[in-house]
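Reading through the structure tokens given below for one structure.
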Amino acid sequence: MTEQRTEAPRRRQRVTEVEAYGVAPLPPEAQTSGPLDLFRLAFGGANTFATIILGTLPIAYGLGFWAAAAATAAGVVLGALILAPMALFAPRTRTNNAVSSGAHFGVVGRGLGSLLSLLTAVAFFSISVWVSGDAIAGAAARLGLGGGDGVRAAAYGAIALAVFAVCVYGYQFMLLVNKVAVVAGSALMVLGAVAYGGTFDPSYSGTGQYLLGGFWPTWGLAVLTIMANPVSFGGFLGDWARYIPASTPVPRLLAAPFLAQLATLLPFGFGVATATLVADPGDYVVGLVAASPGWYAVPLLLVALIGGLSTGTTALYGTGLDFSSLVPRLNRVQGTVVVGALALLLVFTGAFVFEAVDTINALAILIVLLTSPWMVVLMLGYLFRRGHYLVEDLQVFNEGRRGGAYWFTRGTNWRAGAAWGLAAAAGLLFANTPLLVGPLGTLAGGLDLSLPVALLTAAVAYPVAMVVAPEPREVFGPQGPRWVPCAPEAREERSAPEPAVR
């Protein structure tokens, strides 16, 4: 039966209030946001210098301008199509996507989603701080304010601490930052058309030395590299979408992240175009500063500062939520403090001690490769379940309890886990990345097939597992399953949830 309740008046927290909500179900009256807010956060988090750097990579791989632009457009559209359905869970479950994944992976097995989200967030937070800090240091040197490692370290610290403060205050403060960042960052990049328009040549044909030896393998790698950006948001959309009421029409929920990623063609285009102007696209930040007119040094500095703050907050906010869900004794603020300190340590040691910046960049692509099949399992699970979720049963692990509809076998659902494992393994076998070349990575003439193979394997393996071993009827809701069978009786190690200890 559908739960009947009187809806309380909705109240939006003030920006200056520290957000009290963690991964526990958000009260319906706190769901005060809409798809436009989701658009702002998803676009603001990508309208940054880190995205600009990604946009330069197709040129650095050896492609000409038009080939790089086509690869960028294809990567953005394909990635946006994969990302968009990840906005559907949180309005219904009133928690983030990692906890929501417990409906399909089991309330214990959903730790996989939390781990993947944590790794993605820390990696992209570090990358954002590094590239934005380097751009700030370069712009400062151009203005005669000094340079070197001291300025870089100060820039890293300023961005990281500002991000840290915003994340501690929480969702409403982050929303305000991104409202400003979307407009300011976009305006400054459009101003870049004036700054570089006189020297930009769209007939730029590339270096002729393709990274993977041939045009099509290199072009395919460029598409997958760009796809990594929208796909990387998959674990985080629920962090923000949980503030949207469940009554919001599905098309509007799908449109918000999809259009937000299409809007990132602005920073991507900025990167593709300006990469043709620098002598060494592999050392883009230094080259861009040198190619900039003096009057654009301050706007460039602001692009880096605003972008670093925007991307950093969207990444670090998610780490606080996920860490607090893995360690239930910590609330959101405490989880943010712990993970923020670790991320800040990684930023400085990775840049100045171990020189691991390039390694983290390459690792981010592999993290996205592992996250993508997890997303496919969730999307198919949503369709099979008709969007039906038992909100309280998702919280069993967080509250230190056992049992419930999503307990499956000792808290894990082997069907989803096996599908993800097969897909991840298949993707790694076909990987052809700067960090890893799998045994089958050169099978298609050097073309990296890892992501398509991983996605396809998950899309086939999970439904097969659902047919071979149907899930219990109780997880499907009043209308029953869609497209797959269900077990007529509970056949696994489950029981009603133990009462919460207060």
Side-chain angles (χ1 to χ4, degrees), residues 14-19 41 44-51 53 118-141 143 145-182 184-185 188 236 239-240 285 298 300-324 330-354 356-357 360:
R14 294 192 300 272
V15 171
T16 54
E17 288 184 74
V18 174
E19 181 187 3
L41 287 163
N47 192 33
T48 67
F49 218 90
T51 303
I53 294 290
L118 278 169
L119 292 174
T120 304
V122 171
F124 278 86
F125 169 78
S126 302
I127 292 168
S128 174
V129 172
W130 282 327
V131 298
S132 297
D134 288 348
I136 289 172
L143 291 169
L145 301 178
D149 287 346
V151 175
R152 286 174 60 209
Y156 293 164
I159 293 174
L161 291 176
V163 166
F164 186 79
V166 172
C167 290
V168 166
Y169 273 99
Y171 175 79
Q172 293 299 338
F173 204 130
M174 187 172 65
L175 183 57
L176 175 63
V177 167
N178 278 275
K179 285 179 180 179
V180 175
V182 165
L188 292 168
F236 309 133
D239 300 344
W240 321 315
V285 173
V298 172
L300 186 63
L301 187 150
L302 292 175
V303 167
L305 180 60
I306 294 171
L309 184 61
S310 184
T311 295
T313 54
T314 54
L316 188 59
Y317 177 80
T319 65
L321 277 177
D322 276 318
F323 193 72
S324 65
L330 298 179
N331 61 32
R332 185 197 64 82
V333 173
Q334 293 168 333
T336 300
V337 170
V338 172
V339 179
L342 294 175
L344 190 58
L345 180 64
L346 175 62
V347 165
F348 282 97
T349 57
F352 297 111
V353 179
F354 298 109
V357 175
I360 298 297

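Please read these numbers as outputs of a predicted model, since none were measured by experiment. What you see below is based on every heavy atom in this structure, not just the backbone, and it leaves out hydrogens, waters and symmetry mates.
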Identify each donor-acceptor pair in which a side-chain atom of residues 335-342 lies under 3.5 Å from a protein atom, sequence neighbours left out, and give them as a table.
| from | atom 1 | to | atom 2 | distance (Å) |
| --- | --- | --- | --- | --- |
| T336 | OG1 | R332 | O | 2.8 |

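Contact of the I306 side chain with the L188 side chain is registered, since non-hydrogen atoms from C-beta on lie closer than 4.5 Å. Counting heavy atoms from C-beta on, the side chains of T313 and F173 never come closer than 4.5 Å. Contact check for I159 versus F125: no side-chain heavy atoms found under the 4.5 Å cut-off. Side-chain contact between T314 and N178 is present, with heavy atoms from C-beta onward closer than 4.5 Å. Looking at Y317 and F236, their side chains never come closer than 4.5 Å, going by heavy atoms from C-beta outward.
When every heavy atom of G185 is checked against every heavy atom of N47, the shortest pair comes out as C-ND2, 3.8 Å. L346 and S126 get closest at one heavy-atom pair: CD2-OG, 3.4 Å. Nearest heavy-atom pair, S128 versus G312, reported as atom, atom and distance to 0.1 Å: OG-N, 3.9 Å. Heavy-atom minimum distance, W130 versus V347: NE1-O, 2.8 Å. A pairwise comparison of heavy atoms in A304 and I136 identifies CB-CG1, 3.7 Å as the closest pair. A pairwise comparison of heavy atoms in G170 and E19 identifies CA-OE1, 3.4 Å as the closest pair.
Expressed to the nearest 0.5 Å, how far CG of L300 lies from CG of L305 amounts to 11.5 Å. Between the OH atom of Y171 and the CD atom of E17 there is a distance of 14.5 Å, given to the nearest 0.5 Å.
Proximity of a side-chain donor or acceptor of S132 to a complementary backbone N or O of F49 within less than 3.5 Å is not detected. Between the side chain of S310 and the main chain of G44, a donor-acceptor pair closer than 3.5 Å is present.
When each of V151, D134, L161, L344 is checked for a side chain to side chain contact (heavy atoms under 4.5 Å, CB included) with Y156, only D134 meets the rule.
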